[in-house]
Amino acid sequence: MRKIKLLLLTVLLTSVLSVGVNAQGDHMIVEESRIGNTLLRATLDTADDPLSYCTDSISSSNGYLVIDSNTFSNQTCDELELQINLQENKNGSWSTIKTYSYTSYNTSSISKYPTYSSQTIGAKYRVKTYHYATVDGETYAKIITSPEVTAK
């Protein structure tokens with residue numbers, strides 16, 4: 001798992017440096033990369049933002065939905081929190097069917113890989129993730145919605 005994570009991070013960073021990116025807002029950059037059948041969406045922000053690098057992806061494999069969510073900061077944060085909302089497309093609208101919440105203290109990164117086994121084959125899923133960082137009593141937030149995946 002560590003080698004896969006390192007490979008994904010290396011591929012993403014390489015693509016950020018070599019592929020065009022879309023600026024959103026004043027400073028945020030959103031980058032999408034395809035690795036096999038998985039589309040990875042990441043945000044990069046200014047150096048002074050404690051949520052400087054966040055990634056989220058979802059894939060379907062062997063009857064499971066596999067989520068990969070990471071927050072990396074350029075500083076040690078008092079608290080990093082991830083709230084991962086697994087959503088299913090029902091009749092054209094997205095409904096949250098499962099929420100995963102994680103908190104780490106005095107750290108500069110948090111990475112989680114939950115799986116979900118109650119998927120419906122052929123249904124469409126995505127994750128909407130809330131990344132939070134608290135530094136010196138101030139809380140920062142970033143929201144990322146992954147591309148959708150069809151359950152296999």
Side-chain angles (χ1 to χ4, degrees), residues 1-88 94 96-119 124-149 151:
M1 181 62 83
R2 181 174 257 191
K3 286 183 180 181
I4 293 172
K5 182 178 170 185
L6 182 59
L7 176 64
L8 288 173
L9 185 59
T10 302
V11 169
L12 181 65
L13 289 176
T14 302
S15 67
V16 167
L17 297 174
S18 63
V19 176
V21 293
N22 303 317
Q24 293 188 352
D26 291 333
H27 306 285
M28 188 187 311
I29 298 170
V30 177
E31 175 65 29
E32 289 186 350
S33 300
R34 183 167 298 282
I35 300 171
N37 291 327
T38 301
L39 186 60
L40 179 68
R41 184 168 288 163
T43 63
L44 299 170
D45 221 323
T46 59
D48 59 344
D49 181 2
L51 292 171
S52 55
Y53 183 71
C54 302
T55 65
D56 293 290
S57 68
I58 183 171
S59 59
S60 180
S61 177
N62 298 322
Y64 290 91
L65 294 173
V66 180
I67 299 165
D68 184 341
S69 186
N70 305 278
T71 304
F72 300 100
S73 181
N74 56 8
Q75 60 190 287
T76 299
C77 299
D78 301 325
E79 181 178 304
L80 283 177
E81 181 182 351
L82 279 174
Q83 179 183 330
I84 303 167
N85 296 299
L86 175 61
Q87 298 181 329
E88 182 179 9
W94 293 99
T96 298
I97 57 171
K98 177 81 174 170
T99 299
Y100 304 91
S101 296
Y102 306 97
T103 305
S104 291
Y105 300 93
N106 299 316
T107 188
S108 61
S109 66
I110 184 171
S111 297
K112 297 298 177 183
Y113 314 97
T115 58
Y116 183 76
S117 62
S118 299
Q119 67 179 341
K124 297 194 181 303
Y125 296 90
R126 70 179 187 185
V127 289
K128 186 171 187 177
T129 306
Y130 296 81
H131 300 259
Y132 299 101
T134 302
V135 178
D136 297 329
E138 189 169 347
T139 301
Y140 302 82
K142 190 172 286 181
I143 303 167
I144 298 177
T145 304
S146 76
E148 66 183 42
V149 66

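Side-chain atoms are counted along with the backbone in the values below, which use heavy atoms only and exclude waters and symmetry mates.
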How many angstroms lie between [atom1] in [X] and [atom2] in [Y], if you round to the nearest 0.5 Å?
X: I110; Y: S108; atom1: CD1; atom2: OG; answer: 11.0 Å
X: Y100; Y: I84; atom1: OH; atom2: CD1; answer: 8.0 Å
X: D78; Y: T107; atom1: CG; atom2: OG1; answer: 11.5 Å

- Non-neighbouring partners of S101 that pass side chain to side chain contact (heavy atoms under 4.5 Å, CB included), sequence neighbours left out: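 In terms of side chain to side chain contact (heavy atoms under 4.5 Å, CB included), with neighbours along the sequence ignored, S101 is linked to Q83, T99.
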- Message: Under the rule for side chain to side chain contact (heavy atoms under 4.5 Å, CB included), what residues qualify as partners of K124, not counting sequence neighbours?
- Response: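 Expected list: N89, W94, E148, T150.
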- Who passes salt bridge (charged side-chain N to carboxylate O under 4.0 Å, His left out) against E79, sequence neighbours left out?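 E79 satisfies salt bridge (charged side-chain N to carboxylate O under 4.0 Å, His left out) with no other residue.
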- Query: For K112, which residues count as a salt bridge (charged side-chain N to carboxylate O under 4.0 Å, His left out) partner, sequence neighbours excluded?
  - Reply: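 In terms of salt bridge (charged side-chain N to carboxylate O under 4.0 Å, His left out), with neighbours along the sequence ignored, K112 is linked to no residue.
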Identify every side-chain donor-acceptor pair in residues 125-138 under 3.5 Å, counting partners at least two apart or on other chains, and give the distances.
residue: Y125; atom: OH; partner: E88; partner atom: OE2; Å: 3.4
residue: Y125; atom: OH; partner: T120; partner atom: N; Å: 2.8
residue: R126; atom: NE; partner: Q87; partner atom: OE1; Å: 2.7
residue: R126; atom: NH2; partner: Q87; partner atom: OE1; Å: 3.1
residue: T129; atom: OG1; partner: D56; partner atom: OD1; Å: 3.1
residue: H131; atom: ND1; partner: T71; partner atom: OG1; Å: 2.5
residue: H131; atom: NE2; partner: D56; partner atom: OD2; Å: 2.8
residue: T134; atom: OG1; partner: T139; partner atom: OG1; Å: 3.3

- Is any side-chain heavy atom of S69 less than 4.5 Å from a side-chain heavy atom of Y102?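 No; the side chains remain at least 4.5 Å from each other.
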- Task: Locate the shortest heavy-atom distance separating L86 from I58; write the atom from each residue and the value.
- Result: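 Minimum heavy-atom contact is CD1-CD1, 3.5 Å.
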- Query: Between K142 and L51, is there a donor-acceptor pair closer than 3.5 Å when you use the side chain of the first and the backbone of the second?
  - Reply: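 Yes, because the side chain of K142 sits within donor-acceptor range (under 3.5 Å) of the backbone of L51.
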- Item | Exam field: side chain S60 to backbone A151, donor-acceptor pair closer than 3.5 Å |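 Between the backbone of A151 and the side chain of S60 there is no qualifying donor-acceptor contact (under 3.5 Å).
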- Could you tell me whether the side chains of T55 and N70 share a donor-acceptor contact shorter than 3.5 Å?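 Distance-only check passes for T55 and N70.
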- Message: Taking side-chain contact (heavy atoms from CB on, under 4.5 Å) as the criterion, tell me which of D68, V149, I144 meets it with S57.
- Response: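 Checked D68, V149, I144 against S57; only one passes side-chain contact (heavy atoms from CB on, under 4.5 Å): D68.
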